[in-house]
Number of protein chains: 2
Amino acid sequence: MLELRHLRTLNALHETGSVSLAAERLHLTQSALSHQIRVLQDYYQLSIIQRSGHSVQLTDAGKRLVLLAEKILEDIRVAERDLARITQQAAGSLRIVLECHTCFDWLMPIMDTFRSDWPAVELDLVSGFHSDPVSLLKKGVADVVIGSESQPQSGIVHFPLFCFEILAVLAPGHVLGKKRVLDAMDFSQDMLITYPVPETRIDLIRQVLMPAGVTWQRRTAELTVAILQLVASRRGIAALPGWGIRNYLDYNYVIARRIGANGLWSDLYLSVREDTASLRYLQDFLQTINRVCFATLDGIKPLKEMR
Amino acid sequence: MLELRHLRTLNALHETGSVSLAAERLHLTQSALSHQIRVLQDYYQLSIIQRSGHSVQLTDAGKRLVLLAEKILEDIRVAERDLARITQQAAGSLRIVLECHTCFDWLMPIMDTFRSDWPAVELDLVSGFHSDPVSLLKKGVADVVIGSESQPQSGIVHFPLFCFEILAVLAPGHVLGKKRVLDAMDFSQDMLITYPVPETRIDLIRQVLMPAGVTWQRRTAELTVAILQLVASRRGIAALPGWGIRNYLDYNYVIARRIGANGLWSDLYLSVREDTASLRYLQDFLQTINRVCFATLDGIKPLKEMR
DNA sequence: CAACATATATGAATATTATTCATTGTTAAT
DNA sequence: ATTAACAATGAATAATATTCATATATGTTG
């Protein structure tokens, strides 16, 4: 019999176009999904996906079910917000600390959505830089930290968001563009352009340059566009998340290269106090981030569960 | 996490107003439902039902979830019809034999619904009387029998519909109206008014009068209204399903009494050939009967699974 | 074209969880 | 007060979703 789990699977299948990727996103194995699909096809006596060479494609029947899934899952989200409202669980505050500067890019539209969905929740960004963002949760100054912290601490819950690759960004025609992959040494010649945050907060420096003993020169800029302008005008090179520069790459405003053979990857978590973790609107906030980010950001990958 | 099973339960809970009755209708135990409700309440951290004395009542949150359930379950029905259409499983024929005369009453509106839902399925009633209706299935003359047959036969599948009580129908002020419960002897004085079918097809005769060795006088009428007219004008008494005479009872056109201490009950099954059983539109037909009958017919009870 | 990497399918084993069973706790009726 | 009807609960069981290990299929690469 049809179950919501199947609809969630169909949805992921539709967005990823692959059983394995969909499985990862749902934190299940590829096998589990394969079995689910089989059950569905047996139940309805029709095929839902078609193997076209290497990946899979949804059949017309599959597409119809995806349509159903989208509708139903949205209806459920709406109903759950109503439930929260009915039981007085819809009011509160969500003061967010952003450890990752670029994250503004995807967080902005999500905040807009959230504000209209939860008008009674005060949504704010806690500005300024903080050496230990998670401590702000304990102090009660903030409610949510979006960052790379995942060390278990009593009273704190870390929800995994996703992991993404940080790419070196160069001006078109830059000599390093000839290389397919850059290494630590390649950063010793050019000016490194970063956000104005401490060195230890910059993954490239902490994970690549410092371990390799390479020295560097740095200048800062507040906004992503400013950094890209400097790079494009050959004032230096930068290291930014792949999804943050997609548009600029498409227009050949800048070019990007992998850092190190396996790439430089960064994990993103959403951390809250334990008492915040079970709030309906926090759960919805999380769900929205997951849904929207995986649907709109390129090249991000799911992260293992861990709290 | 919320599952469709919970929504089906909420729905049944809403319609029956009782955990036990809802459980029966879903062919589950009362305990199973009780556990389901508990899980839901724990998950959402709110109460869905409230024990008001003996039975249960839905809270506002519960009512919101019922709304969700109705919407979602209807969406699924629509989608499943679309699936059938997409995969060419939406055309065929459904020639119905009605063993129980009164069943016209509830079948009519269901047939209307079905016709608009499945325009490519030829829906017909096979007229006339048949000593062995199920044999018509094997002969290929009919596709569905609605009757009391439930004996396992190879190649035939019996789906249980519901069971209902057959009541004695009297004119208001009839002397037998003084009794709370009638027995076989009470039928020996008055004219018995029935549909024009063989005696063995009349539950009152087969199960009450014949076993008791009572003799009776009988006259027939084609339509339920005609039978009721005769009863109301004191030409005799009848035995009809409770749900078939509800309106007439409400207006005091006739009165009804139980037959025997435990009442006279009749079981209704829908029988098809094995190859018909898995057809999507047959499944939908069954679902519709169940849904509509339990929602609109008074005093019917679920039947045990059996095929 | 072989060898390999990648992606999906499948059967058996396992883990999870829904349901039942047996029982207790409530409430209403007689 | 006693009983009947209904709901809740904990433990046992049954059902089934998921994983694991492996096979199969399809591109890719040297």
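A, B, ... follow the sequence lines: proteins, then strands. Residue 1 opens every chain.
The nucleotide whose nearest atom lies closest to any side-chain atom of B:Arg38 is, among C:dT8, D:dT9, D:dA7, D:dT9. In the set C:dA9, D:dT19, D:dA7, the nucleotide with an atom closest to the side chain of A:Leu28 is D:dT19. When each of D:dT18, D:dT19, D:dA8 is scored by its nearest atom to the side-chain atoms of B:Ile49, the top-ranked nucleotide is D:dA8. The side chain of B:His35 has D:dG10 as its nearest neighbour among D:dG10, C:dA9, D:dT19. Residue B:Ser34 has its side chain nearest to D:dA7 when only D:dA7, D:dT19, C:dT10 are considered. For B:Ser31, the side-chain atoms get nearest to C:dA22 when compared with the rest of C:dA9, C:dT19, C:dA22.
Taking atom CG on A:Leu40 and atom C1' on C:dA9, their separation rounds to 16 Å, with Å as the unit. Going from atom CG of B:Leu33 over to atom C1' of C:dA18 covers 12 Å, rounded to whole Å. At whole-Å resolution of the value, CD in B:Glu3 and P in C:dT19 are 11 Å apart. For B:Arg8 and C:dT19, the CZ to C1' distance is 16 Å, given to the nearest whole Å. In this entry the distance linking CG of A:Leu2 with P of D:dT16 reads 15 Å, nearest Å. Distance CD (A:Glu24) to P (D:dT18): 17 Å, rounded to an integer number of Å. Between the CD atom of B:Gln50 and the P atom of D:dC6 there is a distance of 20 Å, rounded to whole Å. To the nearest angstrom, P of D:dA8 lies 12 Å from CD1 of B:Ile48.
The residue among A:His6 and A:Arg51 whose nearest nucleotide of DNA chain D is located toward the 5' end is A:His6.
A cation-pi contact, defined as under 6.0 Å to the ring centre and within 45° of the axis, is absent between A:Arg81 and B:Tyr44.
Classification of B:Asp284 and B:Arg280 as a salt-bridged pair fails, no side-chain N sitting under 4.0 Å from a carboxylate O. Salt-bridge annotation for A:Arg258 and A:Glu165: present, with a side-chain N of the basic residue lying under 4.0 Å from a carboxylate O of the acidic one. Taking a cutoff of 4.0 Å between a charged side-chain nitrogen and a carboxylate oxygen, A:Asp75 and A:Lys71 do not qualify as a salt bridge.
On a pure distance criterion of 3.5 Å, no polar donor-acceptor pair joins the side chain of A:Gln36 and the base of D:dA17.
Listed for the B:Gln151 side chain is no donor-acceptor partner under 3.5 Å among the backbone atoms of B:Gln153.
Residue A:Ser18 places at least one side-chain N or O closer than 4.0 Å to OP1 or OP2 of C:dT8.
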